[in-house]
Amino acid sequence: MYGPNHHGWIEVIVGPMYSGKSEELIRRLRRAQIAKQKIQVFKPSIDDRYSVSEVVSHNGEKIKAECINKAEDIYKLLKEDTEVIGIDEVQFLDDQIIDICRDLADKGLRVVVAGLDMDFRGEPFGSTPYIMAIAEFVDKLTAVCVICGHPANRTQRIVDGKPARYTEPTILVGAQERYEARCRLHHEVPK
Ligand code: ADP
């Protein structure tokens, strides 16, 4: 990895759900703090207000984060002395995040981005693939397939106990849904 006096760069952590993206993001940001670098962490908000929140991994690791509604909110919240930026769940931010990551890295910041590379259909998800393309470093993590135990690079969506169909809407009012990590062989998307 580049040293602290180098210019900025983008590093991306992708994979399916449960692959340890948030854990890895938190680990890298903690190490930046140990190196006495100023960090700021952002994640998309699920409600309409700014709030101070946390990135929380499935095994309970946490780091303080600022919730944003739009990618450009990063500019409103960015502090002058910030050296390292973390962004979690980047796939849920609007496309402007691509230019913002590029711009911040050009200005000398280290930009660490985590997110899903594929949606439940196994297709590229939102801005993530574009950010992967312009990044200096990309790590694709795998989870453990809940069916066979092999490395899982896909996220299985289950709605009311059955694999979600390709055309299933993203928001289903009243349905019971859950997500599982699955390998290519066991990932099911009925037409
Ligand atoms: P992500 O951000 O990629 O969804 P997290 O960092 O939040 O992942 O969580 C990773 C943790 O999830 C693992 O360390 C492990 O404790 C837990 N976990 C639960 N199910 C699985 C699975 N099928 N494969 C791997 N890890 C799993």
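Heavy atoms only: backbone and side chains are in, while hydrogens, waters and symmetry mates are out. Remember, it's 1-based here, ligands and their atoms both numbered in the order they're listed.
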Using a threshold of 4.0 angstrom between heavy atoms of the protein and any atom of ligand 1, which residues qualify? P16, M17, Y18, S19, G20, K21, S22, E23, S57, H58, N59, A143, V144, V146, A181
Quick test of your reading: applying salt bridge (Lys or Arg N to Asp or Glu O under 4.0 Å), list the pairs with at least one residue in residues 91-104, sequence neighbours left out, ordered by first then second residue. D99-R102, D103-K107
Can you check whether G115's main-chain N or O pairs, donor with acceptor, with E89's side chain at less than 3.5 Å? no
Residues in ring-ring contact (aromatic ring centres under 6.0 Å, His included) contact with H150, at least two apart in sequence or another chain: none
Counting N and O atoms only, with roles assigned by atom type, does the side chain of E136 sit under 3.5 Å from a partner on the main chain of I10, one being a donor and the other an acceptor? yes
Remaining members of the apolar cluster that contains I39, side-chain heavy atoms under 4.5 Å: I13, L25, I26, L29, V41, V55, I63, V84, V112, L141
Carboxylate-amine/guanidinium proximity below 4.0 Å for E24 and K21: no
